[in-house]
Amino acid sequence: MNILFVWTGVTSYMADCWRELSCLEGVSLQVVVEQVASGRAFDAAKVLSGFDCCVVEDGRLPDGLAWPDTLFAVGWHSRVVRAAVERADWRGVPKVCCFDMPWRRSARCIAARFVLRGFLRRYSAAYVPGRVAARYARWLGFPHIEEGLFSISMDRFAAAPKPMERRGFLYVGRYSSEKRVDLVERAYARYRELGGAWELDCYGQSGRFAAPEEMPSIYAAHACLLLASAFDPWPLVALEARTSGCEVIMSDRCGNRFELPGVRVVKYGDAEEMAREMLAVERGGASAAPGPALRRYNTVEWAARTLRIAKELAKS
């Protein structure tokens with residue numbers, strides 16, 4: 001089974017998924033990654049090791065790619081993705097569109113159904129992380145939709161040594177406007193006014209930097225992750241935190257609020273509600289045990305699910 005992934009950006013979580021898929025019997029995996037300049041640069045050779053991968057920077061497909069039985073391509077903006085999806089001699093290859101864009105009542109989201117109609121018709125299916133993106137996939141007219149696009153290597157996060165007592169709050173991610181780190185800081189200030197005593201640690205572009213391999217121990221040392229996002233399609237950090245046994249308080253604009261069990265959801269923009277949830281966590285709220293439902297988002301499950309999708313489409 002020849003499977004080709006065409007992706008944009010060097011991502012450690014997808015690399016973990018691809019490594020798992022490449023180990024399955026009967027799978028021949030090729031990955032093409034377009035290097036993009038966004039955020040902190042990663043060592044592509046180190047992150048994307050252990051499977052057949054080619055990194056491109058000019059938007060062109062590399063020569064010598066084997067004919068894929070199924071093609072998985074991310075989004076619709078990248079030049080290299082368009083080159084793969086529109087390649088004339090691959091017209092009969094089943095193609096899966098991978099994306100996390102949720103349904104939004106915006107001109108851009110609505111227009112995509114009509115502007116991209118010809119391009120999207122080339123796909124046989126959509127592969128999305130969860131419910132909110134699946135809703136958008138239905139709006140775009142995909143004939144077949146699969147959920148569960150994003151996964152992590154859960155053993156790595158669950159195995160981190162746990163301290164005797166978890167303490168403190170945590171923010172992990174970019175410091176872009178939609179992440180609303182200012183709301184996290186405002187909620188934290190109010191939490192302290194209410195008598196809270198824990199510290200808040202921030203990791204990201206403007207906070208402390210941590211390499212991917214350091215994150216399991218960072219989650220293990222903290223009690224709760226905070227996300228106050230105005231727009232967050234499917235924040236993977238929430239999955240990492242829950243897998244590590246952390247509580248998660250997130251705004252109702254975070255896409256995976258439907259999929260991750262045990263998260264505390266607060267109204268977007270309500271710093272007071274978030275502060276009170278923080279106080280409840282400190283004073284011994286609900287258990288943060290991740291539970292078996294999260295196993296769906298393990299890389300082992302992802303590999304089996306992705307191979308099933310590829311085989312079903314190749315036969316159709």
Side-chain angles (χ1 to χ4, degrees), residues 13 152-175 179-204 206-229 232 234-295 297-298:
Y13 69 91
I152 62 173
S153 180
M154 288 190 167
D155 291 344
R156 185 161 58 89
F157 287 91
K162 307 297 188 294
M164 292 294 293
E165 181 184 9
R166 290 176 180 266
R167 291 177 60 86
F169 298 101
L170 181 66
Y171 171 78
V172 178
R174 295 177 291 113
Y175 275 62
K179 294 292 186 178
R180 294 304 307 268
V181 183
D182 61 311
L183 275 174
V184 171
E185 293 170 342
R186 193 188 310 168
Y188 178 70
R190 178 57 179 151
Y191 153 82
R192 293 303 293 263
E193 290 174 356
L194 293 171
W198 285 354
E199 297 296 322
L200 169 64
D201 294 325
C202 297
Y203 290 84
S206 299
R208 286 182 281 177
F209 173 72
E213 58 269 20
E214 298 176 88
M215 290 311 303
S217 60
I218 291 172
Y219 287 122
H222 291 81
C224 184
L225 176 75
L226 306 177
L227 294 173
S229 309
D232 220 332
W234 213 88
L236 208 70
V237 291
L239 174 61
E240 293 175 347
R242 292 296 293 125
T243 301
S244 303
C246 282
E247 293 267 13
V248 174
I249 303 173
M250 61 167 57
S251 82
D252 58 7
R253 302 280 184 88
C254 293
N256 51 6
R257 66 190 184 277
F258 298 113
E259 281 81 37
L260 301 187
V263 298
R264 297 169 178 258
V265 181
V266 299
K267 184 179 179 181
Y268 165 67
D270 195 333
E272 179 73 22
E273 185 182 4
M274 176 169 275
R276 293 190 180 280
E277 288 291 346
M278 293 164 69
L279 203 62
V281 171
E282 181 187 350
R283 293 176 178 174
S287 169
L294 289 182
R295 300 305 298 180
Y297 303 103
N298 193 8

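Residue numbers start at 1 and run along the sequence shown.
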>> The criterion is ring pair (Phe, Tyr, Trp, His ring centres under 6.0 Å); which residues satisfy it with Tyr171, sequence neighbours excluded?
In response: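 Tyr171: ring pair (Phe, Tyr, Trp, His ring centres under 6.0 Å) contacts with Tyr175.
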>> Tyr297: which residues meet the ring pair (Phe, Tyr, Trp, His ring centres under 6.0 Å) condition with it, sequence neighbours left out?
In response: Trp234
Would a 4.5 Å heavy-atom cut-off, applied to side chains only, mark [X] and [Y] as touching?
X: Cys246; Y: Arg166; value: yes
X: Val265; Y: Met250; value: yes
X: Leu294; Y: Met154; value: yes
X: Leu260; Y: Val248; value: no
X: Tyr191; Y: Leu200; value: no

> Got a sec, which residues hit side chain to side chain donor-acceptor pair (under 3.5 Å) with Asn256, two or more places apart in sequence or on another chain?
Replying inline: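 Expected list: none.
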From [atom1] ([X]) to [atom2] ([Y]), nearest 0.5 Å:
X: Leu225; Y: Asp201; atom1: CG; atom2: CG; result: 12.0 Å
X: His222; Y: Glu199; atom1: NE2; atom2: CD; result: 9.5 Å
X: Leu194; Y: Leu279; atom1: CG; atom2: CG; result: 6.0 Å
X: Met215; Y: Glu213; atom1: CE; atom2: CD; result: 11.0 Å
X: Arg156; Y: Thr243; atom1: CZ; atom2: OG1; result: 10.5 Å
X: Leu170; Y: Leu226; atom1: CG; atom2: CG; result: 7.5 Å

Which pair of heavy atoms, one from [X] and one from [Y], lies closest together, and at what distance?
X: Ala197; Y: Glu282; value: N-OE1, 3.3 Å
X: Ala275; Y: Ala187; value: CB-O, 3.4 Å
X: Ala228; Y: Val184; value: CB-CG2, 3.8 Å

Any Lys/Arg nitrogen of [X] or [Y] sitting under 4.0 Å from an Asp/Glu carboxylate oxygen of the other?
X: Glu277; Y: Arg264; value: yes
X: Glu193; Y: Arg190; value: yes
X: Lys179; Y: Asp232; value: yes

>> When you measure from the side chain of Ser251 to the backbone of Ser229, do you find a donor-acceptor pair of N or O atoms at a distance under 3.5 Å?
In response: yes
> Backbone N or O of Lys267 within a donor-acceptor pair of the Glu273 side chain at under 3.5 Å?
Replying inline: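 Checked: pair present.
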>> Check the orientation of Tyr188 and Phe169. Use parallel for under 30°, tilted for 30 to 60°, and perpendicular for over 60°.
In response: perpendicular
> For the residue pair Phe157 and Tyr219, does the interplanar ring angle fall in the parallel (under 30°), tilted (30 to 60°) or perpendicular (over 60°) class?
Replying inline: tilted
> Between Tyr268 and Arg180, does a side-chain contact (heavy atoms from CB on, under 4.5 Å) hold up when you go through it step by step?
Replying inline: CA-CA 10 Å; Tyr268 165 67; Arg180 294 304 307 268; 2.7 Å; yes
> For Tyr203 and Glu214, what are the C-alpha separation, side-chain angles and deciding distance, and is it a side chain to side chain donor-acceptor pair (under 3.5 Å)?
Replying inline: CA-CA 11 Å; Tyr203 290 84; Glu214 298 176 88; over 6 Å; no
